[in-house]
Amino acid sequence: MDTSTALAATNIELRYGASQALYGVGITAQVGRVTCLLGRNGVGKTSLLRAISGRHLPSAGQITWQGEDITRLPPQARAQRGIAYVPQGREIFSQLTVLENLQTGFAVLPREQRSVPGEIYDLFPVLRTMLKRRGGDLSGGQQQQLAIARALVTRPKLLILDEPTEGIQPSIIKDIQAVIEHLRRQGDMAILLVEQYFDFAHALADDWAVMDRGEIVLSGDRSSMDAEAVKQAMMV
Amino acid sequence: MKRWTKILSLLAVLLTSMAANANDFEAQVLRLIEAGFPEKARLVPELAQSGDDRALDILNAWNDGELYFVRSPDRVVFAESTDDGITVTDVLNGEVTEGLGRRAVRSVSVNNALRQTLGVTLGAMRLSTGSNAQRLDAAQRLLRAADPENRALIETALETETNEAVRRELLHNIALLDFNYGTVPVQLAALNTLQDSLNSDVRNALTSKLAAAETDPQVRAEVEQVLEKIEGRVRFFRQMDNVFFGLSLGSVLLLAAIGLAITFGVMGVINMAHGEMMMLGAYTTFVVQKFLPVSLDYSLLVAVPLAFLVAGAVGVLMERGIIRFLYGRPLETLLATFGISLILQQAVRSIFGPLNQAVANPSWMSGSWVINGAFSITYNRLFIVIFAIMVFLSLLFVLRHTRFGLQMRAVTQNRAMANSMGIRSGWVDALTFGLGSGVAGIAGVALSQLTNVGPNLGQAYIIDSFLVVVFGGVGNLWGTLVAALSLGVANKLIEPYTGAVLAKIVLLIGVILFIQKRPRGLFALKGRAVEG
Amino acid sequence: DTIKVGVLHSLSGTMAISETTLKDTVLMMVEQQNAAGGLLGKQLEAVVVDPASDWPRFAELTRDLLERQEVDVIFGAWTSVSRKSVLPVIEELNGLMFYPVQYEGEESSKNIFYTGAAPNQQAIPAVDYLMDELGVERFVLAGTDYVYPRTTNRILESYLLARGVAPEDIMINYTPFSHSDWQTIVSDIRTFGSTGKKTAVVSTINGDANVPFYIELGNQGVSAEDIPVIAFSVGEEELSGFDTSPLVGHLAAWNYFMSAESNANDEFIESWWDFIGDEDRVTNDPMEATYIGFSMWAEAVEKAGTTDVDAVREAMYGIVVPNLTGGYAVMNTNHHLTKPVLIGEIQADGQFQTVWQTAGGVIGDAWTNFLPESAKIVADWSAPISCGNYNIETSVCSGQNYE
Amino acid sequence: MHSLRYLFFPSVRDAAGRSMLISLLAVAIIVPILNLLVPEGHFLHVPTYTVSLLGKYLCYAVLAVALDLVWGYCGILSLGHGAFFGLGGYAMGMYLMRQIGDRGVYGNPDLPDFMVFLSWEKLPWFWYGFDMFWFALLMAMVVPALLAYVFGWLAFRSRVTGVYLSIITQALVYALMLAFFMNELGFGGNNGLTDFKDMLGYSVQGQGLRVTLFVLTTLLLLVSFMIGRFITESKLGRVLVSIRDAESKARFIGYRVEHYKLFIFVVSAVLAGLAGALYVPQVGIINPGEFAPLKSIEIVVWVAVGGRGSLIGAALGAMVVNYAKTWFTSALPEVWLFFLGGLFVVSTLFFPQGLMGLIRSLHKRALHQRWRLRQKPLVDEPESLPQTVTERS
Amino acid sequence: MNPKHIAQDYLLYVDGVSVSFDGFKALNSLSLLVKPGEMRAIIGPNGAGKTTMMDVITGKTRPDSGTVVFNQTVDLTKHDEATIANLGIGRKFQKPTVIEPLTVFENLELALAGKRGVFAALTHRLNADEQARIDEILELIRLTDQRDNQSGALSHGQKQWLEIGMLLISEPKLLLVDEPAAGMTDEETMRTAELLKEINKTRTVVVVEHDMDFIRALNTKVTVLHEGRVLAEGSLDTVQQNQQVIDVYLGR
Ligand SMILES: Nc1ncnc2c1ncn2[C@@H]1O[C@H](COP(=O)(O)OP(=O)(O)OP(=O)(O)O)[C@@H](O)[C@H]1O
Ligand SMILES: Nc1ncnc2c1ncn2[C@@H]1O[C@H](COP(=O)(O)OP(=O)(O)OP(=O)(O)O)[C@@H](O)[C@H]1O
Ligand SMILES: NC(N)=O
Ligand SMILES: [Mg+2]
Ligand SMILES: [Mg+2]
């Protein structure tokens with residue numbers, strides 16, 4: 001295995017009660033690269049991220065992170081190891097203020113690092129003006145921004161993003177794209193991105209994979225990301 | 001010493017008695033065993049007058065109900081209970097007998113009338129020698145008696161009295177005597193002094209003067225004026241009284257509810273065992289007082305942290321053992337905690353027995369702080385108000401200004417996301433439940449000072465606790481505070497008009513109607529955040 | 001083959017505090033009786049159940065005891081409502097029950113023997129004492145809001161009015177069960193008592209509510225010398241729950257105090273301590289009532305030579321057993337006892353000092369003479385009346401569930 | 001009519017319903033036979049004692065079904081259902097009181113005994129009519145219905161939900177308890193109504209009436225069960241579930257949530273009232289103890305033990321818990337609370353769906369898929385508490 | 001009531017509506033006029049007040065001031081959610097909301113146009129037409145194979161589709177659609193646009209989206225909201241040229 005392969009999930013199977021959502025999925029993420037996962041509704045993208053973030057234990061398969069088997073670790077232990085998750089649906093702590101939402105990211109940080117990096121406010125200026133507002137009161141797009149910011153507060157080594165552009169205005173999508181590029185350039189973070197929006201994915205992806213019905217049906221790297229083929233794979 | 005002899009000589013005149021020889025004295029003391037109350041009443045002044053230096057001790061002990069006798073041969077004794085039975089000391093010759101059975105030693109009976117006689121006799125002695133409180137008490141007793149024969153005694157005491165309150169009381173004493181027995185000008189002058197007394201005895205004296213036919217019209221007019229003034233002030237202080245009663249009831253409600261504001265309000269566990277956590281706190285107080293070598297006055301200082309730990313530990317156990325399997329199913333927590341509450345009740349019943357346990361009030365929590373004749377505040381209530389506020393503020397601090405507080409709120413709002421943020425929700429849950437339970441335990445310590453410590457203690461408060469938390473708005477600590485205090489005050493303002501039962505019904509219906517106006521409690525959160 | 005003794009006292013719930021002791025008392029009596037050879041040559045066997053302070057459950061368990069477990073006698077119940085709940089069942093199945101607690105009267109069932117005090121054995125003498133010995137002119141009648149206090153206070157009110165007390169000198173106050181905040185009421189009592197007329201409180205406050213009541217009295221400085229409180233439901237056991245030193249001198253009226261001086265009492269206390277293994281435990285009036293009831297039943301069984309309910313009932317009338325205060329208790333044909341009435345003052349050690357007592361026994365009156373409708377009714381289960389509620393005006397006997 | 005078929009055969013659609021139906025009918029027929037026709041002493045004889053006991057449990061079962069209708073299906077956790085049960089009971093108690101006539105201890109033909117000795121002059125107006133059975137029975141339904149209607153109208157219109165609703169229902173029952181304690185109210189205070197003599201001319205202690213009441217109770221349970229099934233199996237049942245788990249969505253689709261809640265609350269109150277009315281002649285007393293908040297909480301506990309959201313489960317839970325209590329209190333009087341408390345804890349931990357869940361998992365295949373899903377929301381508990389923390393400064 | 005000044009040809013008349021939360025003005029004298037049969041696209045920065053506006057129209061939020069009139073006669077600020085829904089205003093929420101414990105089929109059944117009363121619900125049985133209608137919608141939203149599954153178990157996007165299905169099946173006069181394309185693939189996004197255009201043939205539609213390709217596909221009048229008021233209005237092209245719109249919304 002490639003030494004830069006920080007995250008490797010192999011043969012993941014995942015079931016919800018009686019129904020199976022993933023059938024032997026494998027994916028990797030490398031430090032300094034963006035891995036992009038595409039696929040129609042309900043094919044299992046979120047399910048895969050749930051397995052990686054520890055929300056839902058897979059019924060088979062293995063997940064390693066920096067060489068360590070984390071398949072059965074609880075989510076908080078993964079967070080301690082630098083894995084941050086921006087879930088689909090935002091999952092803002094609605095009764096906490098914006099600032100407090102950001103501060104929940106301190107749990108994994110040593111005392112001296114417990115502050116919100118200024119760049120976060122540069123990226124999402126609206127948050128700075130709303131620090132005292134309750135997270136739940138924000139608009140949908142504002143919440144999405146908060147969710148990304150909250151993940152960044154933890155200074156992650158693996159950033160998992162589930163459809164981060166959902167509900168966000170075009171200008172900020174561009175900014176997010178710039179940030180992800182910036183993070184990639186810094187080269188100390190692996191990024192795993194689920195996205196439906198092809199242009200966005202295309203602009204960012206170093207590696208990519210398309211899922212259908214719980215399986216990876218197509219994958220490749222930047223050079224092989226062909227719009228037609230991908231779109232084809234994503235149709236029925 | 002000089003004062004003491006002077007008083008004694010006054011007493012001698014007062015009580016018109018002759019000197020008795022030692023044999024008479026001993027015979028009199030032994031009569032206490034057989035004598036009926038009327039005879040005892042005669043014996044009191046005789047003993048006081050005997051001049052025998054054993055008399056004061058005997059009278060004091062008797063007044064305190066600590067004078068005993070044993071039979072065959074008949075002896076009047078002081079008693080002390082030791083590990084192997086009771087040790088008695090003969091009051092006359094100091095002879096000691098050990099190891100007597102409990103029922104062999106009987107107390108020299110005293111009834112109210114006799115206690116009154118003893119009180120006056122001893123009070124007169126103490127009027128010069130006692131502590132501030134004793135002197136004040138003696139002065140008040142004399143005021144009630146309003147006996148002109150005491151005048152000399154009072155005047156003598158006044159000569160040397162330095163304490164302001166006692167002086168004032170003594171002056172009122174004299175003024176009352178003047179008013180009752182003086183000429184018209186003297187009466188008018190006395191009224192001037194009496195008008196700032198709120199003592200009910202003074203008021204009664206004034207009222208009866210009004211009723212008396214022979215009262216001088218000028219005096220009558222003046223008395224009417226003074227009475228009106230006094231009554232105005234009394235009414236004001238009654239109202240103050242009611243408000244304080246309300247605040248104090250409110251603080252009790254606050255204490256009872258505040259732990260629940262955590263376990264139920266923050267965590268969403270319908271914690272039917274909350275009352276039992278308070279019960280554990282109260283029993284901890286009992287155990288501290290009974291089994292730990294701490295003096296009674298400090299026992300509560302030990303009991304508070306200990307109760308926190310005991311109830312908190314039980315809370316943590318409950319959370320780790322049961323509750324944690326039920327997150328996301330809050331209604332089932334009702335069933336489980338109901339079961340736990342039954343088990344805990346039966347557990348204390350099996351360990352400590354079904355009876356109430358005796359928990360004592362330390363001296364600093366007994367009695368009242370008399371601000372004036374119409375307004376006083378009982379110490380235990382006062383301390384509980386202060387204590388409740390302190391507990392409230394500390395909890396508020398923990399919730400809002402500590403990392404733990406933040407994590408606790410995050411976990412209860414979205415456990416999965418909190419985990420994903422690296423928060424160890426298991427720990428946080430356990431500690432939060434422990435905190436809520438611990439605080440309930442602390443509340444139990446406070447309740448032990450007000451009410452029964454028995455297996456039912458928790459049941460008595462559980463309904464009110466839920467009502468307060470919900471009325472204030474679930475999850476809102478300030479709401480809990482305001483709800484508790486306003487329910488307390490409202491109750492006490494209604495109660496004088498309707499009586500306790502109807503007041504409670506009115507309040508319950510009031511809450512039901514109020515919730516219609518504010519379906520999420522007093523301090524309801526508004527906006528999307530609530531639905532989201 | 002044993003004689004079964006049902007014990008129907010709450011061991012859990014709100015009444016467990018009071019009733020558990022009575023269960024233990026019955027068990028002790030059974031043990032003693034067995035040690036003395038049992039009854040009719042048979043051993044006694046106690047059948048204990050827990051009605052859990054739940055009134056319908058009293059009825060259910062009574063049925064269980066009588067029909068399924070076939071007990072020969074039941075000792076049980078404390079609150080009136082639990083007795084009322086048992087009543088139809090015990091009458092239907094012709095059982096036999098001994099009820100050991102002071103109560104409001106107005107009842108005389110063929111199947112129940114009432115060994116606690118009727119109002120005329122407690123309340124009336126207590127008020128007489130207050131008026132005649134202490135010169136009380138003003139009365140606060142404070143009680144828990146339920147039937148016993150309500151009835152007792154009605155009786156007292158009409159009695160006080162008849163004795164010339166002015167209506168404005170009577171204040172009546174009710175509180176809910178387990179009332180714990182007494183600030184307002186105690187303060188009202190202080191005000192009511194500060195008019196210069198000697199004032200007393202007649203308390204029918206029940207169980208749990210007493211401790212906070214007395215604590216508040218103490219803290220607000222209401223002393224027995226100023227405003228004595230005389231209670232009908234506060235005994236040694238209630239006082240054992242707290243420090244009584246601020247309450248010294250307040251009163252209670254009962255038919256028994258633990259401090260009573262008699263050999264029987266000394267023995268009883270010794271054996272109680274032995275049985276319960278704790279010398280801190282006190283005895284109280286309902287225990288004495290249980291003791292008397294049990295002794296009477298044992299004697300009646302011996303006398304009848306059978307445990308058959310009808311025979312035992314017949315044998316009960318006129319039975320005399322020693323009580324614990326040095327006298328004798330007599331079972332009358334109205335199913336109530338003749339007992340002495342004692343008034344005691346609370347001492348610092350939580351005991352009562354008897355300060356007054358009736359010269360002889362007072363016959364328990366099932367139907368009070370101080371309410372117009374009740375005054376017409378008498379109970380007499382002996383021929384020719386043979387009825388618990390015989391109306392002397394109409395000569396009719398009504399209200400029974402059986403012939 | 002189309003829908004009538006469902007009313008009369010509400011439970012043909014699943015095995016559990018069918019067996020419930022059949023066993024209830026069987027009980028209603030067999031128990032009376034075993035009691036009346038099989039001679040005493042025979043091992044098949046069911047003693048009247050057992051009949052009464054069973055009758056009492058069945059009343060509780062109806063009460064549990066009533067509660068489950070509002071709680072299990074509509075998410076209204078009523079901690080005050082004892083109010084409706086108690087009021088129904090009082091209505092019947094008043095009838096039974098009036099039936100005593102002049103056979104009371106004071107022989108007063110107009111006033112019940114407790115009024116006589118507390119010197120009431122005349123019968124209060126609200127006692128009028130209760131000498132007629134039909135009126136009392138009507139009142140046993142109307143009064144609870146009216147209370148439920150007024151209370152529900154206020155609360156549902158103001159959108160009082162979740163624990164707020166639960167606690168005010170508790171406040172309601174508590175207020176009723178305190179009110180009924182007061183002798184002035186004219187319902188016998190703490191002692192309540194008792195000393196009943198006969199009902200419709202038959203002695204309440206007679207075996208005949210006992211057995212009749214038992215059969216009636218069984219039939220009431222059957223009817224409650226059918227009504228419940230009819231409601232929950234209809235589209236209305238699905239609207240109720242939506243309200244339970246997605247109240248605001250239901251509104252946005254156009255359902256007037258408050259009407260639905262009010263409907264089911266009133267139906268439930270009527271059933272509870274009838275249960276109370278049948279309970280009173282069987283236990284022989286009604287008093288404010290029935291309004292004790294703890295009793296109402298116990299009803300919730302029965303339903304939870306049996307399996308919330310399943311009518312059979314609710315009924316089963318009521319019977320099992322009460323049987324356990326009866327058995328424990330006489331077999332283990334000193335320590336039974338450990339067992340009962342333990343039972344509750346264990347059942348939450350190991351049978352999260354209650355007894356019904358246990359049974360269901362045993363007979364999984366036999367059950368209809370849809371039915372099962374409705375029992376067990378896959379997602380979090382519907383009326384999850386408002387999990388709010390923030391307080392303002 | 002019948003506000004006279006409302007021109008005859010507006011189905012939805014929103015004028016001068018302001019809403020504030022703790023002093024923050026989410027809507028600031030907003031006006032929006034929609035004619036019957038019109039399709040209107042609404043765009044605007046996050047927090048511009050788009051969702052709040054829908055909240056006001058559907059009765060979820062009461063405005064501090066302003067007029068909201070439906071169908072020239074009905075003052076919507078005086079009615080609650082259920083009444084407004086029954087007037088014929090349907091809504092899809094930004095965050096997909098379905099009735100999770102019910103199956104996909106049952107969700108559609110409840111949303112199906114028809115009487116909403118208690119007794120109607122008690123006696124209602126699906127007839128063949130209604131069955132067919134549901135099946136048709138199931139096809140359309142591609143959830144036929146999830147028909148009898150619990151809707152809570154759907155993926156995010158599937159819930160989104162189900163909610164659209166529920167909106168369609170309730171046959172409202174006015175559809176308010178908040179971000180229908182969020183979480184959809186590009187292909188599905190286009191399909192949704194087509195679907196809305198199809199529906200617009202018989203009904204009035206107001207749709208909020210951030211996806212410019214989607215908006216372009218709708219090919220309709222666009223209103224840009226910013227800070228609670230209308231910033232610009234016109235065709236997508238004109239709006240996209242507007243410098244202010246570029247600054248606050250589109251970015252460079
Ligand atoms: N909690 C759950 N319980 C049962 N089934 C589920 C659950 N969550 C998802 N599924 C099912 O698993 C499959 C995959 O869902 P998943 O959420 O992973 O899809 P997705 O690719 O993320 O789709 P989307 O693009 O809509 O977010 C879907 O068919 C869905 O119905
Ligand atoms: N209860 C509230 N308290 C405070 N601010 C609120 C509240 N509700 C909404 N807001 C604010 O009102 C503004 C408008 O929100 P709205 O949801 O309408 O925006 P939107 O245009 O729908 O945005 P998006 O495109 O992100 O969905 C936002 O800034 C939001 O933070
Ligand atoms: N009988 C009593 N005290 O209830
Ligand atoms: Mg997804
Ligand atoms: Mg929005």
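So you know, we letter chains A, B, ... as the sequences are listed, proteins then strands, and number each from 1.
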> Parallel under 30°, tilted from 30 to 60°, perpendicular over 60°: which one fits the rings of Phe268(C) and Tyr256(C)?
Replying inline: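 The arrangement is perpendicular - the two ring planes meet at more than 60°.
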
> For the residue pair Phe375(B) and Phe237(B), does the interplanar ring angle fall in the parallel (under 30°), tilted (30 to 60°) or perpendicular (over 60°) class?
Replying inline: parallel

Compute whether any side-chain donor of one residue and acceptor of the other, for [X] and [Y], lie under 3.5 angstrom apart.
{"X": "Ser109(B)", "Y": "Lys40(B)", "answer": "yes"}
{"X": "Thr14(C)", "Y": "Asn456(B)", "answer": "no"}
{"X": "Asn199(B)", "Y": "Ser197(B)", "answer": "no"}
{"X": "Gln220(C)", "Y": "Ser368(B)", "answer": "no"}
{"X": "Thr191(C)", "Y": "Arg238(B)", "answer": "yes"}

Side chain / backbone / both / neither for [X] at chain C, heavy atoms under 4.5 Å:
{"X": "Asn111(B)", "result": "both"}
{"X": "Asn452(B)", "result": "both"}
{"X": "Leu249(B)", "result": "both"}
{"X": "Gln459(B)", "result": "neither"}
{"X": "Asn112(B)", "result": "both"}
{"X": "Gln449(B)", "result": "backbone"}
{"X": "Val234(B)", "result": "neither"}
{"X": "Tyr379(B)", "result": "neither"}
{"X": "Val501(B)", "result": "both"}

Salt bridge check: are [X] and [Y] linked by an N-O gap of less than 4.0 Å?
{"X": "Arg106(B)", "Y": "Glu34(B)", "answer": "no"}
{"X": "Lys504(B)", "Y": "Asp145(C)", "answer": "no"}
{"X": "Arg381(B)", "Y": "Glu216(C)", "answer": "yes"}

>> Tell me whether Glu279(C) at atom CD has more than 12 heavy atoms from other residues, nucleotides or ligands lying less than 6.0 Å away.
In response: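 Yes, enclosed.
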
Chain B contact via [X] - which portion, at a heavy-atom distance below 4.5 Å:
{"X": "Glu237(C)", "value": "side chain"}
{"X": "Glu345(C)", "value": "side chain"}
{"X": "Glu19(C)", "value": "neither"}
{"X": "Ser259(C)", "value": "backbone"}
{"X": "Ile17(C)", "value": "both"}
{"X": "Asp266(C)", "value": "both"}
{"X": "Glu261(C)", "value": "both"}
{"X": "Asp181(C)", "value": "both"}

Do the side chain of [X] and the main chain of [Y] share a donor and acceptor less than 3.5 angstrom apart?
{"X": "Asn284(C)", "Y": "Gly235(C)", "value": "no"}
{"X": "Gln183(C)", "Y": "Phe245(B)", "value": "yes"}
{"X": "Thr244(C)", "Y": "Gln347(C)", "value": "yes"}

If you tally heavy-atom pairs under 4.5 Å against chain B, which of [options] wins?
{"options": "Asp226(C), Asp278(C), Leu239(C)", "value": "Asp226(C)"}
{"options": "Asp349(C), Asn210(C), Asn173(C), Val248(C)", "value": "Val248(C)"}
{"options": "Val211(C), Asn219(C), Ile215(C), Thr21(C)", "value": "Asn219(C)"}
{"options": "Ser187(C), Ser223(C), Ser18(C)", "value": "Ser187(C)"}
{"options": "Glu270(C), Glu225(C), Arg281(C)", "value": "Glu225(C)"}

>> Which residues in residues 193-205 of chain C have any heavy atom closer than 4.5 Å to a heavy atom of chain B?
In response: Ser194(C), Thr195(C), Gly196(C)

>> For Trp182(C) and Tyr214(C), I'd like to know if the aromatic rings sit close, meaning centre-to-centre distance below 6.0 Å.
In response: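 No; Tyr214(C) has its ring centre 6.0 Å or more from that of Trp182(C).
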
